[in-house]
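For reference, the structure is listed below as structure tokens.
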Amino acid sequence: MILLRHGQSEFNLHFTATRRDPGIKDPKLTPLGHEQAEAAAEAILGGHQVQRIIASPYTRALQTAAPLAKRLGLPVLVQPLVRERYAFACDIGSPRTALAQDWPELDLNHIDEVWWPAVEEPADQVEARARLFRAEMSALADWQHTVVVSHWGFILSMTGQSVTNGQWLRCDPTGPAPESIVWKH
């Protein structure tokens, strides 16, 4: 499967410049982030047969998944399991009802109204979510045709690799999980 980190968000833009949490909840993509989402869709379509798109419920992930979904005519399957590690203001999501207003084409009935944690999430919990998702994907016969639009911390937990905004990499969920994960950004 392909793990795609969302494009640059308003949070990423400000945090990169200041190294301080700017307090932006569930940020949207910047113009550069939209360009990164479009470029990722083009690159992925250039060499992969995609049959399933899974995305985190954060707005930045949904916006990143949208160009690929539109080109393929596929629905985006919203999966809170692939969300970011809750550690900053940007990790406060939008309630299900607000997401439903912004994204009426998405099926959100399976997610809770508040689907993100109430307190900072320890690294081992993110790694446990990644192991669970790895097992779920391994059970699918066609996991190779899946794109998962996710976040830095979750992709790190799945692969042991740090990726930049709009970057994607391949992940074999049937293979071994990373032996060690270094939580430095």
Side-chain angles (χ1 to χ4, degrees), residues 1-9 12 26-85 90 93-94 96 99-100 102-111 115-116 126-127 129-178:
M1 71 182 153
I2 292 172
L3 300 175
L4 167 61
R5 183 178 175 195
H6 63 81
Q8 182 192 61
S9 72
N12 298 132
D26 197 16
K28 293 180 168 82
L29 293 181
T30 63
L32 174 59
H34 284 288
E35 290 174 18
Q36 290 169 331
E38 292 287 345
E42 283 298 317
I44 290 168
L45 287 175
H48 304 88
Q49 286 195 344
V50 178
Q51 298 173 358
R52 179 186 301 108
I53 302 168
I54 298 172
S56 152
Y58 287 111
T59 297
R60 57 198 183 269
L62 297 174
Q63 288 179 316
T64 301
L68 184 61
K70 182 178 179 182
R71 284 174 172 82
L72 291 170
L74 290 174
V76 174
L77 307 173
V78 180
Q79 172 56 274
L81 200 57
V82 303
R83 72 182 184 273
E84 180 59 288
R85 175 185 184 188
C90 64
S94 294
R96 179 180 42 82
L99 288 173
D102 292 341
W103 301 90
E105 71 279 12
L106 297 179
D107 178 6
L108 301 169
N109 293 325
H110 62 287
I111 68 172
W115 46 266
W116 61 94
V126 184
E127 293 167 21
R129 279 195 287 115
R131 284 191 300 275
L132 177 58
F133 184 70
R134 180 181 286 280
E136 288 181 2
M137 291 305 295
S138 294
L140 299 176
D142 63 347
W143 60 262
Q144 301 91 335
H145 304 291
T146 303
V147 173
V148 180
V149 183
S150 188
H151 306 269
W152 178 82
F154 187 80
I155 295 171
L156 178 70
S157 294
M158 287 288 292
T159 66
Q161 297 179 52
S162 178
V163 293
T164 59
N165 292 116
Q167 184 181 358
W168 57 274
L169 48 83
R170 291 182 175 273
C171 177
D172 180 348
T174 65

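Position 1 is the first residue of the sequence; numbering continues from there.
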Listing request: all salt bridge (Lys or Arg N to Asp or Glu O under 4.0 Å) pairs with a residue in residues 147-164, at least two apart in sequence or in separate chains.
none

Sorted by chain and residue number, the side chain to side chain donor-acceptor pair (under 3.5 Å) partners of Thr59 (sequence neighbours excluded) come out as Asp26

May I ask you to test the Met1-Pro173 pair for a side-chain heavy-atom distance under 4.5 Å?
yes

Does Trp143 have any ring pair (Phe, Tyr, Trp, His ring centres under 6.0 Å) partners at least two apart in sequence or in another chain, and if so, which?
none

May I ask you to check whether His151 and Tyr58 place their ring centers less than 6.0 Å from one another?
yes

For the residue pair Ser157 and Val126, what are the closest heavy atoms and their distance?
OG-CG1, 3.4 Å

In short, side chain to side chain donor-acceptor pair (under 3.5 Å) pairs touching residues 75-85 with sequence neighbours left out are Arg83-Glu121

Distance, nearest 0.5 Å, that separates CZ of Arg170 from CD1 of Ile2
5.5 Å

Considering residues at least two apart in sequence or located in another chain, which fulfil the side chain to side chain donor-acceptor pair (under 3.5 Å) criterion with Thr146?
Arg52

Nearest heavy-atom contact between Leu3 and Cys171 is CD1-CB, 3.7 Å

First locate atom CG of Leu140, then atom OG1 of Thr174, and finally report the distance between them rounded to the nearest 0.5 Å.
12.0 Å

Keeping Arg60 on the side-chain end and Ser9 on the backbone end, is there a donor-acceptor pair under 3.5 Å?
no

Output a table of donor-acceptor pairs, distance under 3.5 Å, between side-chain atoms of residues 103-111 and any protein atom two or more places apart or on a different chain; print 'none' if there are none.
residue : atom : partner : partner atom : Å
Asp107  : OD1  : Asn109  : N            : 3.1
His110  : NE2  : Val78   : O            : 2.6

Any side-chain heavy atom of Leu68 within less than 4.5 Å of one from Val149?
no

Correct closest heavy-atom pair for Val50 and Leu74 would be O-CD1, 3.7 Å

In chain order, what residues pass the salt bridge (charged side-chain N to carboxylate O under 4.0 Å, His left out) check against Glu127, with sequence neighbours excluded?
none

Any side-chain heavy atom of His48 within less than 4.5 Å of one from Val147?
no

Scanning both residues in full, the closest heavy-atom pair of Ala55 with Ala65 reads CB-CB, 4.1 Å

For Arg131, which residues count as a salt bridge (charged side-chain N to carboxylate O under 4.0 Å, His left out) partner, sequence neighbours excluded?
none

Please report the interatomic distance CZ(Phe133) to OG(Ser150), rounded to the nearest 0.5 Å.
8.0 Å

Name all residues meeting the side-chain contact (heavy atoms from CB on, under 4.5 Å) criterion together with Leu32; count only those two or more places apart in sequence or in a different chain, and write none if there are none.
Gln8, Thr30, Glu35, Gln36

Please enumerate all residues that pass side chain to side chain donor-acceptor pair (under 3.5 Å) together with Glu38, with sequence neighbours excluded.
Arg71

Could I get the full list of salt bridge (charged side-chain N to carboxylate O under 4.0 Å, His left out) partners for Arg134, not counting sequence neighbours?
none

Check step by step if side-chain contact (heavy atoms from CB on, under 4.5 Å) holds for Leu81 and Glu136.
CA-CA 11 Å; Leu81 200 57; Glu136 288 181 2; 3.8 Å; yes

Euclidean distance, Ser94 OG relative to Lys28 NZ, rounded to 0.5 Å
7.5 Å

Residue set satisfying side chain to side chain donor-acceptor pair (under 3.5 Å) with Gln167, at least two apart, ordered chain then number -> Thr164

Atom pair OG1/CG of Thr64 and Asn165 - distance to nearest 0.5 Å:
8.0 Å

Trp152 versus Ser162, closest heavy-atom pair with distance
NE1-OG, 2.6 Å

Hey, does Gln63 have a side-chain heavy atom less than 4.5 Å from the side chain of His34?
yes

Shortest non-hydrogen contact between Trp168 and Ala43, atoms and distance
NE1-CB, 4.0 Å

Measure the CG-CG distance between Asp102 and Leu62 for me, rounded to the nearest 0.5 Å.
9.5 Å

